[in-house]
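Everything quoted here is computed from the prediction, not taken from an experiment.
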Amino acid sequence: MENFAKLREEVLRLKKPGDIEKLLKYKTPYERFRETALSRYNRYALHYFGNNITYGELLGLIDRMANGFAAQGIGYDDVVTVSTLGTPSGIATFYALDKIGALMHMVNSASSAKEVARELKHCPSKYVVMNDVFCSDEVMDTLNHMHVEKIMTTSLLDHFPMGFNFDRIKFNIAEAAKGLKQKKYDNKRILTLDQVITHGKEKHIEVEVASFKTGHEANIAYTSGSTGDSKGCVGDWNAIDAMVQVMAMTEQGRFQAGDIMFTTFPTWINYALLNMIHEPLCLGVSIALDPLFNPKDLAKRNNLYHFNHWLTIPPYIKVMAEANKKTDCSKWKIVLTGGAELDNETKYAGDAYIARNNGTAKIQQGYGANELLGAFAYGYYPNATVGSVGKPCIGNKIKIVDPETLKELPTNEVGLALVYSPSLMKRYYNNEEATKKSFIKDEDGTVWYNTEDLMRVNEKGEVFLVDRIRRMVLTLDENGNPTKIIPSRPKKAIEQLNMVDHCEIITVKDDKTVNKSIAFIKTTKGTAQDETLKQNIIEFCEQQVPKYMAPREVIYLDEFPLNATKKVDLKALEKMYEEQHTGKETTKSKNKTFLKRK
């Protein structure tokens, strides 16, 4: 295995960002994992509700699964749509398909049947691997309509320990209500992963490991949701393996072989797949899993797994602090949040909770993107400044430039953030225009990613996120999985309606889902503005976009407020909503274009 401490010293001496790529020694994800698995063969890799799976056992499962996939006809460069939760089978699927050299098309299971169809049209695939709990009749009809040749499913109960268990009951209920019925399976076109493995055994197939090839495309993960305006980030073998090596250099002294990381997120998110599963496993850190995690169960899971590392989101920290259930935090080393801003109140409340429960860890905030295959910066060093998202990981670089001229700005000035990382995606799938817009090559030939975020960097090299040019915000889908609201999507859907002249979407805080969307509507002349129309608009929108993205409320307006440049003033809309829901009167604007609410 590489000496990552020595590699870190070499990388820190580099002057040109892109030169790190000459020092990295690349492997495929399967090869990287296998190297660690062979060295830790009898050590635990996964913990699943009391079932402890060793590296050797997981490696054996992966190899059998790869043979089974090959028996179904899956080969090198074949596109396989994968929509799995964080379970042993979901993890094994990733490595098994990578061993073959297939391209994994990662799709959010919260997608509607219409979105699944749109996604498969965007990226055609003959093969699908899904948790059966997401295989509704509508989704199955869609897969049939899209001519999917093989549908392979896994259960939440696969690799679950036997015996009475409340979580087993919960999973049974979920699958009985939503899962694919047994009569649908024919062991030919629709089959379980156990049946897939059996086919590999019966045909005596032994898959050879796909050899590393520079630029080989390994997975597609979507920026926010899985359809519409979101873009598919193509990760190649170079970028995925660079992520492991960057994190190995960054985490020197923090990750110890034998540590346990608590992982609750699904595999279709790069941050979860690579930072919470692949990277720690390759560094000898075992993974404790809960695919349907309820943050109220944190103390229960901590008592079960005794984990050391928890990568999570701010809303879960808030639940932890407010629930105030006693749990032993003495083994906690790293608690890192992403996906949304960690406000100071939540951070201090979380830190105080940990301290009250015998812990010394401090909650840190990070910054990343699917385009960078996960984490880019975070507080991995002592005494990180509160409010920052930390420093770039070892090997990653950032520069703040003038958005118009791209001229680099001095320390502490706010500007557009351009970032470099050897784990930068290869391209946006089937979107050359967006790829060109997002990649900026400097005079030295280094390719930088245009984050479209406004940031500043202080004297210590710490990064502060000032504003997002893009308006996406974190929310939770119907299954409690973190995802994003993209306001432009429900806006476009609603504006399809003949009775709608103009629509704007804002997002506001919500106790249950972190954020929710609100629609402001100007109807066409003569349209009756009643409660029935509001409900019809919401229901129509829910058919066009994921339910978590559709508006919860519709508000009628005569005209939209405009700012000085005659654009719709979204901040004014947010203020109007806030005043309406706090009982305050809306101040009338001197600007005659400012609307009156009906």
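Annotation: the span from Leu156 atom CG to Asp167 atom CG amounts to 10.5 Å, rounded to 0.5 Å. With rounding to the nearest 0.5 angstrom, the OH atom of Tyr378 is 10.5 Å from the CD atom of Gln364. Taking CG of Asn302 as the reference point, atom NZ of Lys300 lies at 13.5 Å (rounded to 0.5 Å). To the nearest 0.5 Å, atoms CD1 (Ile287) and OH (Tyr305) are separated by 11.5 Å. The NZ atom of Lys362 sits 10.0 Å away from atom OH of Tyr348, with the distance rounded to the nearest 0.5 Å. Distance CD/Glu542 to CD/Glu539: 7.0 Å, rounded to 0.5 Å.
The aromatic ring centroids of His122 and Tyr429 lie less than 6.0 Å from each other.
A side-chain donor-acceptor contact under 3.5 Å links Thr87 to the backbone of Gly90. Side-chain atoms of Thr451 come within 3.5 Å of backbone atoms of Ala417 as a donor-acceptor pair (strictly under, hydrogens ignored). For the pair Asn308 (side chain) and Lys331 (backbone), a donor-acceptor distance under 3.5 Å is present. For the pair Thr142 (side chain) and Glu138 (backbone), a donor-acceptor distance under 3.5 Å is present. Between the Ser136 side chain and the Val139 main chain, a donor and an acceptor come within less than 3.5 Å of each other. A donor-acceptor contact shorter than 3.5 Å links the side chain of Thr435 to the backbone of Tyr428.
Around NZ of Lys170, the count of heavy atoms belonging to other residues, nucleotides or ligands within 6.0 Å exceeds 12. Counting heavy-atom neighbours within 6.0 Å of Asp530 CG, excluding the residue itself, gives a total above 12.
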Show the numbers, then the answer: is there a ring-ring contact (aromatic ring centres under 6.0 Å, His included) between Phe520 and His502? CA-CA 8 Å; Phe520 284 83; His502 190 167; over 10 Å; no

Step-by-step ring-ring contact (aromatic ring centres under 6.0 Å, His included) determination, Tyr222 to Trp268: CA-CA 8 Å; Tyr222 287 86; Trp268 62 76; over 10 Å; no

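The side-chain tip of Lys397 does not point at the ring of Tyr420 from less than 6.0 angstrom away and within 45° of straight on. By the 6.0 Å and 45° rule, Lys391 stacks over the aromatic ring of Tyr381.
With hydrogens and angles left out, the side-chain atoms of Ser421 and Asn396 include a donor and acceptor closer than 3.5 Å.
Nearest heavy-atom pair across Lys325 and Asn357 is O-OD1, 4.5 Å.
Ile440 places none of its side-chain heavy atoms less than 4.5 Å from the side chain of Val447.
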